[in-house]
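What follows is a set of notes on a single structure, which appears directly below.
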Amino acid sequence: MANAQAGSSQRVLVSLAAAPSTESSAKWKQVQSALRAQLPLRNIHWKSASHTSIRTIQELEVELVPLDAPREEHTQIPVTLLEKPLLNIYIVVCQNTDLEGYKNTVKKQIKDWHSSVTTRKNQEWLIVHVVRPDTRTQTANFFQLKGSVLEKIRSDFNADKKERCVQVAWSPETDAPAVWAELVNKIKDGVLTAFDLAVAQREEEVRRSESQRQMPGWNFCTFFILKESLAYSYEGVNLPEDAYAQYEELEMSFYHVLKEENLSWFGTLITPASGDDSASLLSFQRKAYRDLILANTISIFDFRIYLLSRQCELLAQRGRLNEVCRKVAAFLVGFGRRLRDVELDTIGFTVGHLPQKPPFSSSCTSPGQQAKTDLTLNISNGDLLEAIGDDEAFYQLYTDATNRAIELYIKAGRRKFALRLHGSLAALDLHRGEYKNALSIYTSLPAHYAPHMWTSLEAYMLSKALDAHADYQQEKDTEWIHILLSFLKSYVDSSGADLLTHEDDQVEYISKLVDSLHQAACKLSSGLPPGKTTLTLFYPAVAAGTYLLESSELRVAKLYLQWQHRKSSSKTSLTRKENKFLVHVPKDQLALDVNISQPDRIELGEPPTILVAISTGRNHVVKAFVKLTSSGVTFWPKDAYYDGEKRSERLQVVDNSIILEDIPEYTTVSLMIPHSDTSAFQAMKITAEVEYMTVPEPSLSRTIRVTQVVLTTLPISVNVEDFFRGSRHQHVRICTVQLVTQESGLEGVKISTTATKSRGVVVEAVVDKTVAKVVVDSHLPRQHRTALITQLVEALERDAGWVDLYGITGELRVPETPKDKANEETAELLTKAKE
């Protein structure tokens, strides 16, 4: 246990040594104090051969220790690579010119130290010569330097190319950080070099062990401790990301072992110990986990706890608390359900607070008095002790624990398990006589099962709802009928197969339910008279057109009837002629509508625009989102504007959709929307999509999509070289279309001719103007206008006999239209409009 505690707080060790006379002097303590003042090391960049990227250690804690300081020796595998010094430093304190003293005394002292540290594996060494600043200045010329003590040290001990000797010009009176800069850099290099060698060796040992996984004698726990030493080492040098990665890989290795069902390296699933029920779950210091792992006696639960606690500690060091919550939640989802059954259900059975029947666990035998006594002896948690002696305290604890488990299941996306626990709460209410709560839960759960096709669970909850209804001694009213119909539907859908009912004889059970349903239904009053009933239906959304009827559905409360008019394809159906049912849905003249056309005014040289007219009909629109799309054309809604008097008002645009708000009923809003050049097209196919909400139903969103083809050619073209010659004559009528110059005019340009719009546009304008006058004169509601225009346009489309006369004389004669018997007011207005 001490090893685990030391691993998380381990610092990099650097040993210090000097001559005995120096170590016993007051100056030695001053040197140590000055060197410690340069710690911790900062901004260290480590490039390992096994990592592609450079790791930056922002701050590295270093502990200075004596060379021969006693350290705890660990058996088998060390907890961390930092248990021994990574760097050994020898401090030489003498004058730089004292060559005689160096030769007679100092050299041998350094040699003894050097012989000792160079035999140590994965450790670096460094010799530091400390001189007074004034002494270094006096001997700083080239010729004196070659005969200095520093040069002798380098010559005698620095055999390889790496510089391991450094001089520090320091005294207590002139202490400054710059004096130690070179030494600090040497310490960084030495620590990184030794750490890199140690990591490389340990990684090779891990790879070799992992490659022997399939060989006899391989032990997962030994492999775990070996690889974990890398994690503790990375943590010790302030690289928590790399440490966390080691535990992630160990977790995957554990899952692999779990999948192979080879758990011989572990003890039992759970080995309860005294105080476990009141100790912190994520404390990896409450047990000697590492010793248990090495002994191959750790339980699977304790192993998972230790692995989880180490991962969470490393995540917390980096401030990733959200990930800690998610990881703990995922663990509780996996282990929580099992622990809950083992603990609370077992306690409930033992003390008699829970019945031994589903959905509670029924694997336990009937407990005796001795089991109850033993139970209290093994529990130290105050809440559990109170729950054992008080059934209400137990029920509250059971409910709280179950609700927490439900919350964790939902966060982890395990919805089915969460719903099962809701069923356990309902069963607890049923056991306690809380029939109203049980009935409420049982009747709400099936709606959650139905979308996932969990028919058996849905039927079981519905059957339990019927039991709760009976225990609650409620009348077999409409609510009971709804529950029963839903249960029978589940029974029919599954044909009774794998149905989780609690009755042994399903046939007798279902027969009794059907008889009870018939009796209860006869007592209900119906809003529809017996026999054939004609209903008038209304649907506010736009869905005009002819449809092929595929299926019909009728829902009366919970009663659901369905007819399939198109049979599924099979060999038998191919030989029979299939009757097809066509349903025509007429156009709703008062529904929201969209019309797309060229604008009345076209400005040459300006970006082309399209006119979008939105008619609200009977709808008072709270908000509408208008969006245009067309292949090969880009619309610019941010440059759109109102047509007419409201042109100066700004439009709100979000995500290429124009937003309109508070449009009264029977109102037409016209928008001019610029778009990209379409000169390469004769016409463009435009789709307008309008998503809108109305005042009566502001939370309900409806969408209308209208696709129209709009010509892109100009309404007139002028060729000044055209002349009319010969004796033949043609009728040419020029209507009110203007070609307008700029307000200041154009020099030398005079416009004296006009040309006509397309015939269809002019006819529509005439119809619209005439209907508007008739409606205003009649003082009738405005909703008649849309219906009149539609009937007149349909009459003109059915019979083209009016075209020739209109082309010559300009007189528009509307063909006969069927009389509108459903609305006399509309018929009267239609007659006036024709006149």
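Residue numbers start at 1 and run along the sequence shown. Everything numeric here is computed off the predicted structure, so don't read it as measured data.
- Closest of all the heavy-atom pairs between I406 and A418 is CG1-O, 3.9 Å.
- The side-chain heavy atoms of H256 and R213, taken from C-beta on, include a pair separated by under 4.5 Å.
- Proximity of L354 to F394: side-chain heavy atoms (C-beta onward) are separated by under 4.5 Å at one or more points.
- For the pair K476/S516, a side-chain contact is recorded, criterion being any heavy-atom separation below 4.5 Å from C-beta on.
- With contacts defined as side-chain heavy-atom distances shorter than 4.5 Å, the pair F224/Y306 qualifies.
- Under the 4.5 Å side-chain criterion, counting only non-hydrogen atoms from C-beta, F303 is not in contact with C221.
- Proximity of L513 to L466: side-chain heavy atoms (C-beta onward) are separated by under 4.5 Å at one or more points.
- Between E407 and N403 there is no side-chain heavy-atom pair separated by less than 4.5 Å.
- Taking the six-membered ring where tryptophan is involved, the planes of F487 and Y509 are perpendicular, since the angle between them exceeds 60° and thus also 30°.
- Across all non-hydrogen atoms, the minimal contact from Y442 to G423 is OH-O, 3.9 Å.
- Minimum heavy-atom separation, V206 to K227: CG2-CA, 3.9 Å.
- Closest approach of M693 and P698 over heavy atoms only: CG-O, 3.5 Å.
- Salt bridge status for E210 with R207: absent, with no side-chain N to carboxylate O gap under 4.0 Å.
- Residues S229 and R202 bring a donor and an acceptor atom of their side chains to less than 3.5 Å of each other.
- W265 places none of its side-chain heavy atoms less than 4.5 Å from the side chain of T222.
- Under the 3.5 Å distance criterion, with hydrogens and angles disregarded, no donor-acceptor pair is assigned to the side chains of E251 and Y247.
- When all heavy atoms of L86 and L82 are compared, the pair lying nearest together is CD1-CD2, 3.9 Å.
- For the pair H353 (side chain) and A387 (backbone), a donor-acceptor distance under 3.5 Å is present.
- Looking at N238, its side chain does come within 3.5 Å of a backbone N or O of E59 through a donor-acceptor pair.
- Listed for the W218 side chain is no donor-acceptor partner under 3.5 Å among the backbone atoms of S211.
- The closest side-chain donor-acceptor pair between Y244 and E235, if any, does not fall under 3.5 angstrom.
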